[in-house]
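To find a chain, count down the sequence lines: A is the first, B the second, and so on, and within it residues start at 1. Values reported hereafter were calculated over all heavy atoms of this structure, with side chains retained and with hydrogens, waters and symmetry mates removed.
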Amino acid sequence: MYTKKLMEKIKNIIRGHSLFMLHYCTGCGAIELPPTMTSRFDMERLGIAPMATPRQADILLITGYLSAKTLRRVIYTYEQMQSPKWVVGFGSCTINGGIYYDSYSTINELDLYLPVDLYLAGCMPRPEAIINGFERLIEKIENGDADGWKHYKQNREWYKKNQKQALGDSLYTTR
Amino acid sequence: MEQKKVIEKISNEYGIKKIKFKKIENQQFKVKINKKEIINFLTYLKNIGFWQLSLITAVDWIDNNQFEIVYNLVSWELEQHIIVKTFIPRENPRITSIINIWPVAKYYEWDVNEYFGVVFDGNPNNGKELFLENWDDKPPMRKDFDPLNYSKEKFPEKEYKNFRMKRKREVIE
Amino acid sequence: MILNIIFRGLILIFGAFLFQVALSGFSRKVVARIQKRYGPVFWQNFRDIFKFLFKETSISHGFIFDFGVLMAFGGTMATLIFLPYGSFEVIPGQTNFIVVIYLLAIGLLGMAMSAVGSANPNASIGISRALTQMLGYELPFLIVVLVMMYINKTSSIGGLVQSQIQNGWNLWSMPIGAGVSFVSVMGMLGKKPFDSPIAPAEIASGPLVEYSGKYLGILMLQHDFATVIEVGLFVNLFLGGGSNILIFAIKYIVVYILMVIISSFLPRFKVEESVKFFWKWGLSLAFLQAVISLGIYLI
Amino acid sequence: MTISYLIITAGIMSAIIYLVSKFNWKAGTILQTLTFLIIGYFLYHNGDYSSSQLAIFNNISLNFTYSYFNEIFLYLGISVMIIVSLFSIDGIKNYQYKPVYNFLTTLIFMSILGVFGAADFITLFIFWELMTWVSFFLISMGKKYSKKAALLFLFMSMIAAYLMITGIFLIDNAVGGITFSNLINNYGSISYSLKFKILMLFVLAGLIKGGVYPLHIWMRTSYSESPDSFTSILSGILMKFGFYLIYLIGLFFPVAFILKNNPSKLISELPSSTFFAYLAGISIIIGTIAAILQNDAKKLIAFSSVSHAGYILLAFTYGTSMAFAGGVTHILVHALTALGMFLSIGAVYFRTGTTKIDELGGLIKNMPLTFTTYLVSIISLAGIPPLFGFVSKWMIYQSLIINGSYFLAFAAFFGSIGSFMYVFRPLAGVFLGQRPKKFENVKEVPFFMKAGMLIVTILTVLFGVLPGLVLKPIISMQQSIGIEPIKASLYRLFSGLTTLDMLVVFTVFGAGFILALIIFLLFAKPTRVKQHEQYTAGEIVPELQTQPSIYHYAKNYYKPFSRIFDKFPSMEKLYKKGAEYLSSSFGVIEEFFYEESINGYIWLISITFLVIIAIRWF
């Protein structure tokens, strides 16, 4: 029992310091990522690197507003990622809709559809804020608090219900 | 060619006297025309050099109970940009498609059809899906459509009971 | 005897794992410094590999998807055995160059099979590019090595190392060939100008597109082992191996870091461009080296 | 039991098999398999190294021999025929004329015994011609354009036959007899220029049959259009007749081989062997590139045969003991692998009705054994270590390295690496990738087809691990014809440069695989997903499944590569242009050659024969 806990702790520490994020930029916040990744702020020193496919990625970044049409793809992509996996909501649009709060085609709150582990507030958050946010995420992962993927698995029906409400019944699910 | 000459040419050559041209800029002018004339007029314009259709769009004049269909044509030889407008009633909006003159009109008309509900007779894509997936309300660009209401209904917000606390996840019914 | 061989084989595989994974982590740091960044810690690659191995879920696209990965990983580990490392040989006398080159191909074939077995078109495109590029980089390298084997009258790598101990490094005796082989090895490793098979922004990391969790971890290990073989071949063939394993390792590090530095400031070739590059410059220079060396040898 | 009796038996059995097949085709095919098995058994068990004669008229007889120099070819022929016949028990179900097919393949078997067992040139020629005519009918039983393909095959074979019969007449003129022993005894009396002529005639005939560039033009159409199980025979055995001829003539005219280890003699005697070695190198390169660019699986393998014909010719004309043994081994390798590839593609055709790579896909789920056969065959063909193909390639490379032939080595390496590209294409396009909806219910082939493929697979692996099984008869063959034999034990091979131990290679590979398996099993178990669950930049694909080729990347697989060769000429087109020019110039002759029916052509051939006979005897 103790060894299992220790093993889990080690795994979490390893996971926290090796985060691959998916290159699936959905909104305007993606423009803040290049400075975060390149020389000035250098995200790689935290062990965070961009990845091209959801199969290899650990973090799904939702960078800003998310239209309903994109949400369908994002859900599909999220389900293709392998757990443990984390969702980071980026900018105020993912929190409450932001300036698109009354749009007929963008969603208001991401947390209803995907289990968000970390929100980065701002419109848009500066690279410093992003780095700060990621450090917070690493901390959460190391402590085992970032368990959105487990929550998604356990409360699948609730999430599916919300997704269907927003997207209609023709939502494609993988399993 | 100068704008005046172009307008003169169109007024002289095209049979109808009543049409009024209005200058917007040195190289841009607009004209309002009857719905029945639209095919003939556009064909004529294409023949004298306006061979590029750059946009078809619509405006919802809800107070007049009318849709305005706008055709933007460009001529690179005459160096002019013409905006042709026509009005159709808001109830049961129908107009003849111009895909036989400009094949590219298929997509512009499809777009207008999806967002305003205007039916283009002769366009095969009326009523099909282009940008909106599983749309279940009235066309969204109409003035009587309320986006805020729709957004509240379709994309609700979660209510947080205790916002300051470390947010524990729980299923909210 | 057999137990001894097994033991030494396991030691070799484990040592190669520690060495190369740490080195490739270090090379990330080198690249970062070239780009004026701070860069990750040198054990970052251990974290990455173990993170993937410890993933709780991973997906499989069927039997061949698993089998190909095992074939690639197993074949590459087997190839590792047939190379001399300084004075360290796992099975004495078994260092046949042609066996090494062809066993290495097993890794590629297994990987190709598995990737295409995932039925993702991106993977297929990547594999078609990788195989096409292979026709480019292997030929100049093999021609140069052929000259070397002809002159030294041996085709075992151990024999070539021995002859270099007597006659001096092949790097000095055939410098053009060494240069050609250096570029060829960069092609084998898929380093920067020749990385069109994995082009992440273009075909979503190509063959690797469908791999997740432990599959990806295993393939990262496989890539590291393949790196050990390919760079080790270069060190053995041109830099005279090493009298002990430490000297071998130092030479290895120099060659590898040099490759990393060169590739860090180069853009990417299109695949037919890289084949043409290898055929135009690589082959002609390799044949030039052949003529020169043969002339010297016959005189 | 001498060969002559076996041949008579085969002849008689062909009639019986035909009758039985008329009654019940399956029984006929089983009888055919049994016949081949029994004949093979008798040859193995009762066959003593001896010569025999089969008298036809009082003073004309056919001479046969069974000895070290041809036994390996005899066994190769018999085993290929047994495997194909086993495969045919279920495999010829869809053919139109099954009894005739069985009858003709039995005749092919007879001609194989005759050609490989012949002890004089006329016997060789008679059975060679029997094979040509029977093949002509067999090819024309195939697919849509098979008649045209058969005509082209016949035309090329006829050229080969004319060359050969002229050579035989020259030999007869020079030494007064056409038996092999007669030639050996009187070899010294032939003048140098005559030797050159005879050698050229025979080698050219062999090259046509062997399909070496630029005489390969019959192969593409004949291979792709003929019935599938016959294609395996065609590439497995009949193509090797050409190389048997080269090998045979090489024995008597020691220009190609260093018979008594006298290199200086080789150089002074004839420059032709270098020429042929370079021709072989070109053949390897052209065949490889052409194979990479094909879309039809059978055409692809046909061009790969051009490339591998180049390897065999290269080994034979290269002139070292090692290369020679490598060439003979490569004949066996190519026979086995081509058999495996054609049988598995034939099995795919049997179930799906197409061999176009871009129309198929994902068949591994339905046909695992077919896939395994194909996989093992291509690994062997590409020359990857634990399998048989590596042995022959290793031997050829060793001899190239010892002598430092750069261009030839370049060609050989090119063919070897290029073979990865072309063998992988059917693997990716036919067996892997996305399966179209219409092939969802395809089943694995019936039992006997499976059995045939399984035997090929097992043999390929077995000979790879224990190459000594094959090398032993080759060593005795080399001893019997006076070449210094290569050094080899059951699983070890020695060249002047290094030692190859196939068992160690195999064991290490196996150990590596097991270690990989252990590491694989240590970590969490994966979940299986459906084939359409793909990374597609977020797009969802199940709807696309109705359009098969959209999501299966098989069309223009090597498009970037083919762009390099956009402006290169094609030999076939060149010949066609030449033919067009000729046919427009010689309108009268055209009527004979371009007749829709083949009557005119047969008439022409008969006239030619009559003329030849008339000149000879009157």
Side-chain angles (χ1 to χ4, degrees), chain C residues 53 55-62 64 70-71 73-75 77-78 81 91 94 96 98-99 102-103 105-106 109 112-113 116-117 119-122 124-125 127-129 131-132 134-135 138-139 142-143 146 149-150 153-156 159 204 209-210 213-214 218 271-272 275-276 287 290 294, chain D residues 362 364-365 379 382-385 390 394 397-398 401-402 404 406 409-410 413-414 417-418 420-421 424 427-428 432-434 495-501 504-505 508-509 511-517 519-520 523-524 526-529 531 533-535 537 551-553 557-558 560-561 563-564:
Chain C
L53 289 177
K55 278 261 179 189
E56 308 219 340
T57 57
S58 53
I59 56 121
S60 161
H61 278 278
I64 204 69
L70 293 182
M71 191 166 140
F73 191 41
M77 282 195 292
I81 306 292
I91 310 172
Q94 289 284 342
N96 198 323
I98 291 173
V99 173
Y102 273 89
L103 257 182
I106 265 201
L109 186 70
M113 226 162 64
V116 176
N120 192 315
N122 283 324
S124 293
I125 293 171
I127 291 299
S128 105
R129 288 180 181 188
L131 290 173
T132 309
M134 189 172 160
L135 197 58
E138 290 275 14
L139 286 173
L142 287 174
I143 295 292
L146 182 82
M149 292 194 291
Y150 171 63
K153 291 284 173 228
T154 174
S155 72
S156 82
V209 62
E210 281 297 308
K214 66 174 175 180
I218 286 177
V271 62
E272 69 253 41
V275 172
K276 271 185 193 163
F287 275 116
L294 207 65
Chain D
I364 177 177
K365 286 164 199 147
I379 291 179
I384 290 178
F390 181 66
W394 187 83
Y397 287 151
Q398 290 300 322
I401 291 167
I402 290 176
Y406 296 118
F410 164 70
F413 286 136
F414 187 93
I417 298 160
F420 280 115
M421 284 175 76
F424 190 71
L427 190 81
L432 305 175
Q434 293 220 334
S495 78
L497 301 174
T498 181
T499 314
L500 174 72
D501 193 329
V504 166
V505 174
V508 170
F509 177 67
F513 191 85
I514 289 168
L515 187 61
L517 189 65
I519 293 174
F520 182 77
F523 297 99
T527 37
R528 287 282 276 271
V529 295
Q531 68 166 356
E533 206 196 311
Q534 302 274 333
Y535 165 72
Y551 221 59
H552 177 48
Y553 180 69
Y557 200 73
Y558 293 120
F561 184 73
R563 257 183 245 139
I564 303 176

pair D:V505-C:N96: side-chain heavy atoms closer than 4.5 Å: no
I'd like to know which of C:A78, C:G159, C:A119, C:G75 tops the heavy-atom pair count under 4.5 Å against chain D. C:A119
Considering only heavy atoms, which portion of C:E210 lies under 4.5 Å from any heavy atom of chain D: side chain, backbone, both, or neither? side chain
Heavy-atom distance under 4.5 Å to chain C: side chain of D:I364, backbone, both or neither? side chain
Using a 4.5 angstrom heavy-atom cutoff, name the option from C:L103, C:V275, C:N120 with the most pairs to chain D. C:N120
Would a 4.5 Å heavy-atom cut-off, applied to side chains only, mark C:M71 and D:I379 as touching? yes
Contacts of C:S124 that satisfy side-chain contact (heavy atoms from CB on, under 4.5 Å) - sequence neighbours left out: C:V116, D:Y553, D:Y557
Beyond-backbone contact of D:F520 with C:F73, side-chain heavy atoms, under 4.5 angstrom: no
When C:I127, C:L131, C:I143 are compared by non-hydrogen pairs under 4.5 Å with chain D, the top option: C:L131
Taking side chain as everything from C-beta outward and backbone as N, CA, C, O, which of these in D:F424 sits under 4.5 Å from a heavy atom of chain C? Side chain, backbone, both or neither. side chain
Quick one: CE on C:M77 to CD1 on D:I519, what's the gap to the nearest 0.5 Å? 4.5 Å
Max heavy-atom pairs within cutoff under 4.5 Å with chain D, candidates C:T57, C:L109, C:I64, goes to C:I64
Non-hydrogen atoms of chain C under 4.5 Å away: do they reach the side chain of D:L517, the backbone, both or neither? both
What orientation do D:F413 and D:Y397 show, parallel under 30°, tilted 30 to 60°, or perpendicular over 60°? tilted
Measure the shortest side-chain to side-chain distance between C:I98 and D:F390 over non-hydrogen atoms and say whether it is less than 4.5 angstrom. yes
With a 4.5 angstrom heavy-atom cut-off, could you sort out which part of D:A428 is near chain C: side chain, backbone, both or neither? both
Is there a side-chain contact between C:I218 and C:L53, using heavy atoms and a 4.5 Å cut-off? yes
Contacting moiety of C:I125, where chain D heavy atoms sit under 4.5 Å: both
When only pairs under 4.5 Å are counted, which of C:V99, C:N122, C:V209, C:V271 shares the most heavy-atom pairs with chain D? C:V99
By a 4.5 Å heavy-atom criterion (distance strictly below it), what part of C:L70 contacts chain D: side chain, backbone, both, or neither? both
